[in-house]
Structures are given as structure tokens and as C-alpha cells.
2 protein chains.
Amino acid sequence: MASFPDEIIDTLSIDCLIFGFESGELQLLLVKHAEGISKDRWALPGGWIKYNESLDTAAYRILRALTGVQDVYLEQLRAFGDLDRFPVRRVLTVAYYSLVKPKDYDIIPGFTASDAKWFKVNSIPAMPYDHNKILDFGLSFLKNRVRHEPIGFNLLPEKFTLLQLQELYESILHTKLDKPNFRRKFIKMNLLVPCNEKQKDVAHRAAQLYRFDKKIYDQLAEKGFTFEF
Amino acid sequence: MASFPDEIIDTLSIDCLIFGFESGELQLLLVKHAEGISKDRWALPGGWIKYNESLDTAAYRILRALTGVQDVYLEQLRAFGDLDRFPVRRVLTVAYYSLVKPKDYDIIPGFTASDAKWFKVNSIPAMPYDHNKILDFGLSFLKNRVRHEPIGFNLLPEKFTLLQLQELYESILHTKLDKPNFRRKFIKMNLLVPCNEKQKDVAHRAAQLYRFDKKIYDQLAEKGFTFEF
DNA sequence: TTTTGTTATAGTCATTTTGACCACAAGATA
DNA sequence: TATCTTGTGGTCAAAATGACTATAACAAAA
């Protein structure tokens with residue numbers, strides 16, 4: 001079974017949770033299976049690991065092959081290994097996640113996917129296997145993480161307004177936050193750099209645009225800083 | 001290969017990080033391999049998953065068989081799947097961790113372990129495979145987690161002093177904390193219940209003993225509370 | 001041109017939390 | 001009795017928080 005290096009291991013798979021943020025809502029990238037036992041159903045982008053690739057390598061390959069998404073930062077969530085999670089035989093899957101800006105990527109379904117598109121996190125269809133369970137895990141992971149690390153980095157466009165940032169937090173935390181207080185708190189963290197630019201084409205007072213300062217973030221991250229909301 | 005349900009899967013393993021806290025220091029439970037390619041070396045308690053058991057089940061079985069430790073809460077950390085992590089063939093391992101009170105457990109080496117004992121985290125020997133890497137991951141995970149959840153629960157004896165609690169935090173966070181401030185902060189969280197008892201056999205003023213209030217903790221945990229130090 | 005609607009942004013204020021301390025208490029030991 | 005060690009109660013200024021109020025911009029409607 002392990003004789004040919006490039007052969008797949010049919011008991012080890014990868015599944016990806018690709019989160020995006022657009023029009024004030026958290027989104028998830030799903031693919032429609034083109035073959036296999038869940039043909040024509042929407043599910044997490046996933047596939048078999050090959051004998052000669054590491055978990056990370058497999059995750060990047062599979063995500064790219066199925067959705068066209070590449071050059072993202074994938075992070076492992078954890079393994080899911082319940083006996084009955086896959087109906088045919090015992091399959092262990094390792095879940096990865098990423099946070100991206102949907103607009104930065106052309107979604108190109110391919111490989112074992114006949115289609116691929118963004119779904120609002122609040123209206124995800126019932127997926128095959130334990131994919132909904134994996135999503136739930138990912139969502140609570142995200143909810144937890146957003147409280148302690150400035151993950152907004154990857155979800156917002158290069159330049160963003162404070163309201164967009166706040167909406168991102170509200171959408172992940174599932175709460176309303178006070179605008180002036182949110183603004184004050186975030187600005188005091190020194191992570192935001194005001195661009196010399198304002199919002200355009202809005203039917204109200206244009207907001208200041210900001211961007212994240214990666215350097216300052218890295219400095220802070222090294223000292224192990226955290227923040228709460 | 002998958003024909004006999006009770007057969008092991010020789011490409012899937014479990015490794016456990018069992019942390020303990022004693023005499024002011026963080027400890028880790030290791031076993032000495034009795035067989036295999038790393039015979040006589042100290043390593044994380046670990047073993048092969050069987051075809052008919054889930055990851056969690058395998059973790060409990062293996063930990064118990066090798067060290068005698070049972071009735072603990074094991075939590076999955078993540079999977080480690082680098083191609084070269086195991087010299088003979090490709091093996092994916094799923095790491096689990098637990099926090100326990102060493103005194104609560106009789107360490108009984110067994111199965112593939114010829115010996116088992118606690119090591120101070122600061123003097124862990126070089127271990128085979130990627131076990132040191134797994135430990136590093138576990139330590140930073142712990143460091144991060146201790147800042148946001150009251151994990152002390154499982155590491156301290158039933159009744160403990162505030163100084164013991166503080167030493168636990170200092171030992172995980174690798175810093176010194178101010179005594180009166182630590183005390184004030186922790187007491188205000190309402191998580192500690194004073195026992196009507198004092199420390200005994202100490203060569204100085206005896207400290208009040210406290211215990212955790214699990215109910216209050218659960219209430220707080222549900223609301224998603226966090227704390228910082 | 002004025003009004004209206006909508007979001008941006010500045011600021012107030014009482015309360016709570018923090019960090020850095022000091023000082024005394026309790027008890028064992030020299 | 002003096003001294004040492006750790007426990008525990010407290011102060012105090014500074015900073016952070018949460019709940020608001022008020023004003024600024026500016027597009028669109030009246």
C-alpha cells in the first residue's frame with residue numbers, strides 16, 4: 001500500500017475550513033463533490049494525503065486543486081478520528097483552517113470538485129461525514145482566538161475603516177460592541193496606522209482608512225500580548 | 001491490513017504529554033521503551049492505534065497500559081505528520097495532553113514500557129522521533145492556555161495555598177508575579193473557596209487553604225470568561 | 001437651499017482594575 | 001527575646017472600562 005511514493009493513503013485525509021469576511025458577514029468556502037459517495041453534495045474542500053507529502057503540503061495541494069486558492073496561510077486545527085465519521089472505512093482527517101479576503105482569490109473548482117463557492121456561515125447546508133462538526137469546532141476556535149490575537153489581519157482588505165473592523169469582531173463574537181469604546185480600545189493598542197485616505201463612494205461622512213502595522217504586531221506578539229473585548 | 005478489527009494500524013500512533021506540578025515545578029511523565037527501534041530511551045508515552053478504536057479511546061488505552069495512569073482528562077493537541085518524523089516508515093501521530101497531580105497516581109510501567117517516571121520539564125532528555133518538538137508545542141500551548149482558562153484545577157492538590165497557585169502560574173508562564181496583586185486578582189474572580197483549614201508543618205506562618213469551586217468555574221466558562229496575568 | 005439621515009469621531013464621567021508598593025501578623029527558629 | 005519567613009491586609013496614583021452625549025461631515029431628499 002505504501003509501495004508507490006506518490007500513491008494516496010486512503011485512510012488519511014485533509015479537510016479545510018476557509019473563512020472569509022465580506023459585506024459584514026463571515027463566509028466559508030465549500031466545494032461540490034464531482035465524484036465519490038457524496039457526489040453533488042456541498043462539503044469542505046478536502047482530499048486524500050499522498051504517501052510522500054506532509055500534512056501541511058497535502059493541505060496546500062488539495063486546497064489549491066479543488067478551489068484554486070493558493071498563497072494562503074493554513075494552520076492545522078486538529079485531527080478528527082471517530083470510527084464512524086466516514087461510512088466506508090476508517091478514515092482519519094486532519095482539519096486545517098485559514099482566514100482570507102474573498103476578493104483576493106479567484107475561485108476555480110477543479111480536481112474532484114465540480115463547483116466551489118462562498119457560503120454565509122449562518123446558512124451552511126448539511127454536509128457529509130462530520131464536516132458540520134468540524135465547522136463547529138472551527139467556529140468556536142475562531143471565537144476564542146479572536147479574543148486573544150489580532151487575526152483581523154487576514155480577513156480585511158489592506159485598507160479598512162474602524163467600522164469594518166468592528167463588524168468583523170461582532171460577526172465572529174456574535175455580539176454588538178459599543179462604537180466609541182471599540183475605537184478607543186483598538187487605537188490605543190497602536191496596531192493601526194491611519195492612511196492619508198478616506199473612504200469613497202459612501203452616502204455619509206467618509207471614514208478614515210487604516211491599515212495594520214505588521215511590524216508593531218510582531219513586536220507585541222513576541223511579548224505575548226493579548227487583548228479582550 | 002484492515003481485516004482484523006483489533007489489529008493495530010502501524011501508520012497511526014498516539015503520543016501523550018502528561019504534565020504534573022510538584023514542589024513548585026512543572027513535570028512531565030515519560031516512559032522508557034522496552035522494545036522497538038528506540039529501546040531503552042526515554043520518550044513520551046505512546047503507541048499504535050487499533051483499527052477499531054477512536055483516537056480518544058486509543059489515547060486512554062495507551063496511556064493506561066504504559067504508565068498505569070487512568071481516569072484523567074485527555075485533550076487532543078494536534079496531529080504531527082512530517083514525513084521524516086519516524087525513521088522506518090511514514091507514521092502520523094496524534095498528540096494528547098493532560099494536567100494531573102502526580103501524587104494522585106501510582107506510576108506502573110507496563111506493555112511496551114520498561115520504566116516510567118516524572119521528569120522536571122526543564123531537564124527533559126533528548127527524546128526519539130519528534131517528541132521534543134511535540135513537547136515544545138505542548139509547552140507553548142499551555143503557556144497560552146493558562147492565560148485564558150483556570151487550568152490550575154487539575155494540577156494542584158484538592159486544597160492548596162495561594163502561593164502554590166501562584167508558583168504554578170509562575171512556572172508555566174516563566175515569570176515572577178507580585179504576591180499581593182496575584183492574590184487580590186484571583187480572589188476577586190470568585191473561583192476560590194476558602195477551606196476552614198490552614199497549612200500544616202511549615203516553618204512559618206501557616207497559609208489559608210483554598211479549593212476551586214467547580215460550579216462557579218463552569219458558570220463563568222459558559223459565559224466565555226478569560227483572565228490575564 | 002434647507003432639512004434630514006446616516007455614520008464618523010471627540011469627549012465626559014463615574015467606576016473598576018492595575019501595578020507598585022508598604023506594613024503588620026503569625027508563627028517557627030536561633 | 002530577637003529574628004526570619006511567609007501570609008495577608010492595605011494604600012495610592014495611574015490606567016482602563018462601560019455607558020453615554022455631543023458634534024462633525026456629507027450625501028440625498030425636500
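Lettering follows sequence order; numbering is per chain, from 1.
- Rounded to whole Å, the distance from CD1 on B/Ile187 to P on D/dT8 is 8 Å.
- The residue among B/Asn181 and A/Gln208 whose nearest nucleotide of DNA chain C lies closer to the 5′ end is A/Gln208.
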task: Kindly indicate, with the supporting measurements, whether the criterion side chain to side chain contact (heavy atoms under 4.5 Å, CB included) is fulfilled by B/Arg41 and B/Met127.
output: CA-CA 7 Å; B/Arg41 293 187 66 185; B/Met127 297 182 286; 5.7 Å; no
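- Ion pairing of A/Lys120 with A/Glu25 is present here, as a side-chain N (NZ or NE/NH1/NH2) and a carboxylate O approach within less than 4.0 Å.
- When the nucleotides D/dC20, D/dG10, D/dT17 are ranked by their closest atom to the side chain of A/Pro180, D/dC20 comes out on top.
- Each of B/Lys198 and A/Arg184 has a nearest nucleotide on DNA chain D; the 5'-most of these lies closest to B/Lys198.
- Rounded to whole angstrom, the span from the CG atom of A/Leu165 across to the P atom of C/dT7 amounts to 17 Å.
- Comment: B/Arg85 engages B/Asp130 in a salt bridge, judged by a side-chain N to carboxylate O separation of less than 4.0 angstrom.
- For the pair A/Asp201 CG and D/dC26 C1', the interatomic distance rounds to 13 Å; values are reported in whole Å.
- Using a cutoff of 4.0 Å between basic side-chain nitrogens and carboxylate oxygens, B/Lys185 and B/Asp178 are not scored as salt-bridged.
- Counting to the nearest Å, the C1' atom of D/dT8 and the CD atom of B/Gln164 are 16 Å from each other.
- OP1 or OP2 of C/dA8 sits under 4.0 Å from a side-chain N or O of A/Lys179.
- Counting to the nearest Å, the P atom of C/dT29 and the NE2 atom of B/His204 are 11 Å from each other.
- C/dG27 atom C1' lies 16 Å from atom NZ of B/Lys200, rounded to whole Å.
- In this entry the distance linking CD of B/Glu167 with P of D/dG7 reads 8 Å, nearest Å.
- Going from atom CD of A/Gln166 over to atom C1' of C/dT7 covers 12 Å, rounded to whole Å.
- Ring geometry for A/Phe137 against A/Phe141 counts as parallel: the plane angle stays under 30°, on a 0 to 90° scale with 60° as the upper cut.
- Side-chain atoms of A/Arg205 and base atoms of C/dA8 include a donor and an acceptor less than 3.5 Å apart.
- Residue A/Ala203 places its side chain closer to D/dA28 than to any other of C/dA28, D/dG9, D/dA28.
- Each of B/Asp178 and B/Thr161 has a nearest nucleotide on DNA chain D; the 5'-most of these lies closest to B/Thr161.
- Across all strands, B/Leu162 comes closer than 4.0 Å to no nucleic acid atom at all (heavy-atom distances).
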